[in-house]
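Note that these values count all heavy atoms, side chains included, but never hydrogens, waters or copies made by symmetry. Remember, predicted model here, so these are calculated numbers, not experimental data.
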Amino acid sequence: MAARFQKSGRTGWYYRVLREGLVRAGDPVILMERPQPGWPLSIVIAARFDPRLDPALARRLSQIAELSLSWRSGFARKSDPDYVEDTSLRLAGR
């Protein structure tokens with residue numbers, strides 16, 4: 001199933017809690033800012049799961065502070081032209 005989700009580009013919810021607070025059902029959710037307008041989520045997701053990602057692009061993505069540490073680290077690894085990502089555990093459970 002993980003591989004099908006990844007291929008679809010709809011791999012889950014993408015938000016981060018930067019400040020704790022209470023949200024109740026029916027409360028409005030308002031976009032307050034878009035700090036990286038040049039990096040739409042569809043591009044970032046496609047890049048994260050691209051096994052042939054250009055290392056220069058990976059390096060640029062690894063420097064986006066708004067991404068989680070794990071995503072920045074993943075892009076940093078992909079910036080090494082010799083890096084080969086092992087997706088077997090995440091995609092196949094092995």
Ignoring hydrogens and angles, write down the donor-acceptor pairs under 3.5 Å from the side chains of residues 54-64, residues two or more places apart or on other chains.
residue: Asp54; atom: OD2; partner: Leu57; partner atom: N; Å: 3.4
residue: Ser62; atom: OG; partner: Arg59; partner atom: O; Å: 2.7

Would you list the atom pairs, donor with acceptor, under 3.5 Å between side chains in residues 74-83 and any protein atom, with sequence neighbours excluded?
residue: Lys78; atom: NZ; partner: Arg48; partner atom: O; Å: 2.9
residue: Lys78; atom: NZ; partner: Asp50; partner atom: O; Å: 2.8
residue: Ser79; atom: OG; partner: Ala76; partner atom: O; Å: 2.5
residue: Asp80; atom: OD1; partner: Asp82; partner atom: N; Å: 2.9

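Here Asp27 pairs with Val23, Arg24 under the side-chain contact (heavy atoms from CB on, under 4.5 Å) rule; sequence neighbours left out.
In the hydrophobic clustering (ILVMFWY side chains linked at under 4.5 Å, chained through shared members), Met32 is joined by Ile30.
For residues 28-44, every residue pair satisfying the side-chain hydrogen bond (donor to acceptor under 3.5 Å, both in side chains) rule, not counting sequence neighbours, is listed here: Gln36-Glu66.
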